[in-house]
Every structure is written in structure tokens, then in C-alpha cells.
Amino acid sequence: MASVDVLIVGAGISGIGAAYYLQREHPQRSYTILEARDASGGTWDLFRYPGIRSDSDLHTFGYEFKPWRDEQAIAGADKILAYLREAATEHGIDSKIRFRMTVTGATWSSADAEWTVEVKHADTGQAETLTCNWLFCAGGYYRYDEGYTPRFEEQERFHGPIVHPQQWPADLDYAGQRVLVIGSGATAVTLVPALAETAAHVTMLQRTPSYIMPLPSKDKLGNRLRALLGDERGYAVTRRKNIIQQQTIWRLCQKYPTAARRLIRNINAKMLPEGYPVDEHFNPPYNPWDQRLCAVPDGDLFKAIAGGRASVVTDQIAAFTEKGVRLESGRELEADIIVTATGLNVQAMGGISLTVDGEPVRLPDTIAYKGMMLSGVPNFAYAIGYTNSSWTLKVGLLCEHFCRLLGYMDARGYDTARPEPADPAMPTRPLLNFGAGYIKRALDQLPRQGDRAPWLTSMSYAGDVKLLRRLPVQDPELRLSRSQARERAVAGPAAEVVA
Ligand SMILES: Cc1cc2nc3c(=O)[nH]c(=O)nc-3n(C[C@H](O)[C@H](O)[C@H](O)COP(=O)(O)OP(=O)(O)OC[C@H]3O[C@@H](n4cnc5c(N)ncnc54)[C@H](O)[C@@H]3O)c2cc1C
């Protein structure tokens, strides 16, 4: 008898969401959430740098089942954390979380339809094993122990602190200091205006520009709808409006990249001072949405630049010096503090090593099934959200699908679900068609996707609503069966490939 029916790894926004759907749809099933850290919230608890906030609106980043009531649609980590912890408390999920427990490995036995999961206690360093029928990995997509910092020439020469945003020192005093932020992604554009409030000056040093779009931090229409229709209905309508808006913008950018590029450039130029070199600093070499577009609430970054409190330099670092950095162009930038906003280290599936019936699973040899399971790996589901829209939109849909699959299996007495491609020679391609540096660096450690449904990892909410919410769960390429253990208990056919 397994310790629990479903073991959820990770108590971030995805793990708490998965627990909600599971207990709503399958209240008879037992589950536990194992969390490596000593607090819930994942990303929103880990990052402590000044200004940390979402770049999605919370009407789509929030859960479908819990209205976002704050008038700020783009919100700081403290509000997001309070929201998701409130969701956990309201539904009794917090009592199911076991903290300081890292899942390191999991071994599947087909005979017993059971995962034996190895867990390490942070306090004692001791190992424990738990068993479960399903393993649901909501471990996010990056390493928590350290962010990504490329090796810079002569880094040790710099006299001041060098800080990575993932390990922001609580006592770092940057008031009146010259801060150099290396990077041009979401973290850099969040940090720069926040630091510029008290720093002497902030320079954002980028190798390559990103697309940066001002977004209103408050959704005026959304707030009016909430006042008019009440929290629940107002939230539902705003959420729908924003989903359509996000998908339309993404599609238009894909279809008309030149026009989208021109439009973004014009918006940027309007927010910057006369004669500002927009094309030097805000003109990426790729098309809009080939990488995640950075949103800046109420144009705060542009305001800091226009106010002279921040500036952008586009160049490459030749080497660090005692006083700052020397650039390829020969220019020197002086700083008291250097912040390396250079990204994340991707980690797939919570870093858990999987073994199926004695065979170790190599993730790059697996193919993602419906963006939520892996070929050849039974009773394993994972939560990876959208990269072109709010993460949680996809996670909600795949949790619904996961629950429907459990219901289907229950009704027919199956205890094992194993995706297997009908065509073993199906061509495969990278899991994510997304140009961000941290994804590119990790592609060879990730599962792959196929060239046809259900082996595609879709980035389309409308497509996923159809696939994950509306279409039947049964599928010829999802083998459902009864284990020998279940067979002994129940009479009936040994296996079914559902047509
Ligand atoms: C600074 C920042 C801002 C972002 N802003 C947005 C945004 O505005 N919109 C958006 O859509 N996305 C955003 N993202 C992406 C964001 O990470 C996701 O949207 C979302 O928060 C991920 O939630 P999650 O629960 O899936 O993973 P995480 O938040 O990463 O949580 C995973 C949890 O699992 C735990 N865990 C991992 N492995 C194990 C293990 N082996 N054993 C036990 N526990 C484990 C971790 O400790 C962690 O608590 C942002 C990311 C960052 C870094």
C-alpha cells in the first residue's frame, strides 16, 4: 500500500494549484506536498531583490479558482506570496506540505504500480523513502541553489560587492552608490528603476537589447468590472479579456514581426528623451516574442532613464577592473556595486533522477506527452507553464487534465498510464522553441517534443483548452493498464490500449 496516492513535489504556485485541483476532483485520494525549502511560494519567496514583481497581470497569473482582489494587476512578490499562501490556507493545503524535504530520486515498479521516492531531510541530511501511485513534479524550472553567472575576465580585481539577484544580501546598502547591472532580461529591467530610486546612478549594461514594453500596473477596466460585478465575476471576465489580449498580441507579433517591431520602437521612442539612441539600446536582433517580452509597469524603466537616474550601455565586457569594467569598445564603466542579472540555471523535473523498472531515465531520450507526461515514464506528470503568457494558465489546464485522467482510470480499474509513441521513429525537436539564453543552454538536458499531437508542447491557450479540457483523455498513445498487484485484487483484462 503506497504511503500516498499522489506525491506532489514543490510548494510553489504550481504545486499548491495542483493540490487544489486534486482535492476538489478526487477528495478520496491522499496526497502530500514535499518542499525542499522551509517556506512555500517557490520563486516568489526565493527572490528578494529590490522591486521584485510579476511581469504578467495577476488576473491571468492568478488561479482560475481564486480572484485577484488587489487593484494592482502587476504586483510585487509580497502580494503574490500572500495570495498563494492564502489559497493554501483557505483549502487546507498548507497542512499537507512537508518542508525541508528534497526529493532526489524516484524508482517505478510496474508490478506494483508504485513509485518509491527517495527524500533527503535538510535538517538531518538523512534519507527517507516514501511510496506513491503518482508522482506530480511541480519543481519549477531552475536551480534554487545558484543563479547563472558567466565567467568574466579578471572578476576578482573588482573592489566592490558583486551580487547575483538570486542571492540578494538583505543588508546591501546601495543608497548613494553607483550600481552597474549586467543584463537586459526581466530581472535587470525590474531592478534598474527600483535601485535608481536611491542609488547615485544605475547603469544597465547589456550585450544584446531586449524588447521592453510599458504596461499599466493597474487594469482600470478590470478594477471597474470588479466594482460592478463583484470579485468573482469581475475577476472571471477580466481574466478572459486578458487571455484574449495576450494571445492576440502574441499571434500578431508572430504574424507581423516587422510591424510589431516598428510599433514597439515607436512606443519606446515616445517614452525616451528627444534624440535618445533608441536603435542602439532597444532594437533586439530577433523578432518580438521569439524571447519573452519584458514588461515595465507604467514605463518605470523609461522614466528612470528620462530622469537621468539610470542609463543603458550596449557593449561587451572585456574584463573587470578595480573600479568597474572595461568594455570591448575600450570604454570604462565605474561602479561601486556590480549586479550580475545574467539569468538562471535551468533544472528540469526538480533535479529528480527517475528510474523505470530498473532502467534509468535520460530526460533527453523522452518525449513530452501533451506537455505534461513523458514517454516511457508511467504515472509521472509535471507542471511546466507557458513562456509566452502567464505560466499558471497552462498549469491550471494540465492539472484539470490530470484529474480527468485519474477519473477515467478509476472508472475502468486501471492503475497505470504510460505514454508511448505509436511511431518509434517519430522525428523530435527541442521541447521549447524559445530563444532565451537560459533555455538554449539547457536544451540538451530537457525532454524533447515530437512533430505531431499529442507529442507537441503547445504554447497556445486556445489549443490547450481544446486538448486538455475538452477532448477525451483516452488516447491510442497512452497505454492504460492494471498492474500485477491490482490484477491479484481485481479480476479483468490485463491491459487496454484505448482506441
Ligand atoms: C523573478 C521571476 C519573475 C517571474 N515572473 C513571472 C511572471 O510575471 N509571469 C509568469 O508567468 N511567470 C513568471 N516567472 C516564471 C515563474 O517562475 C513561474 O511563473 C512560477 O512562479 C513558477 O512556479 P512553480 O510553482 O512552477 O515553480 P517555482 O516557483 O520554481 O516553485 C518550485 C518549488 O519546488 C521546490 N522544489 C524543486 N525541486 C524540488 C525537489 N526535488 N524536492 C522538493 N522540492 C523541490 C522548490 O523549492 C520550489 O519551492 C518568473 C520567474 C522569475 C524567476
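For ligands, and for the atoms within them, numbers begin at 1 and follow the listed sequence. By convention here, the first residue in the shown sequence is residue 1.
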Query raised in the report: Is V103 in polar range of ligand 1, meaning some N or O pair under 3.5 Å apart?
Result: yes

Query raised in the report: Nearest protein heavy atom to atom 23 (O) of ligand 1, by residue and atom, and its distance?
Result: I13 CG2, 3.4 Å

Query raised in the report: What about Y49: any of its N or O atoms under 3.5 Å from an N or O on ligand 1?
Result: no

Query raised in the report: Between T43 and ligand 1, is there a nitrogen or oxygen pair with a distance under 3.5 Å?
Result: yes

Query raised in the report: Are G351 and ligand 1 in contact, using a heavy-atom cut-off of under 4.0 Å?
Result: no

Query raised in the report: Cation-pi between K394 and Y461: NZ/CZ under 6.0 Å from ring centre and within 45° of the ring axis?
Result: no

Query raised in the report: Judging by distance only, is a nitrogen or oxygen of A36 under 3.5 angstrom from one on ligand 1?
Result: yes

Query raised in the report: Does W391 approach ligand 1 within less than 4.0 angstrom via side chain, backbone, both or neither, non-hydrogen atoms only?
Result: both

Query - Nearest-contact summary for atom 35 (C) of ligand 1 - protein heavy atom, Å - result: E35 OE1, 3.3 Å

Query - N or O pair under 3.5 Å between D55 and ligand 1 - result: yes

Query raised in the report: How close does the nearest protein non-hydrogen atom get to atom 3 (C) of ligand 1, and which residue and atom is it?
Result: W44 CH2, 3.6 Å

Query raised in the report: Does T187 reach ligand 1 with a nitrogen or oxygen that is under 3.5 Å from one of the ligand's nitrogen or oxygen atoms?
Result: no

Query - Cationic tip of R37 above Y144 ring, under 6.0 Å, 45° of axis - result: no

Report summary line: If you scan protein heavy atoms around atom 26 (O) of ligand 1, the nearest is S14 OG, 2.5 Å

Report task. Please work out whether any backbone atom (N, CA, C, O) or any side-chain heavy atom from C-beta onward of Y141 is under 4.0 Å from ligand 1, and answer side chain, backbone, both or neither. Result -> side chain

Report task. Kindly confirm or rule out an N or O of G350 lying under 3.5 angstrom from an N or O of ligand 1. Result -> yes

Query raised in the report: Does at least one non-hydrogen atom of I52 fall below 4.0 angstrom from an atom of ligand 1?
Result: yes

Query raised in the report: Excluding sequence neighbours, so at least two apart, what forms side-chain contact (heavy atoms from CB on, under 4.5 Å) with V237?
Result: L225, L229

Query raised in the report: Looking only at distance, does S56 have an N or O less than 3.5 Å from an N or O of ligand 1?
Result: yes

Report task. Determine, using heavy atoms of G385 and all atoms of ligand 1, whether some pair is separated by less than 4.0 Å. Result -> no

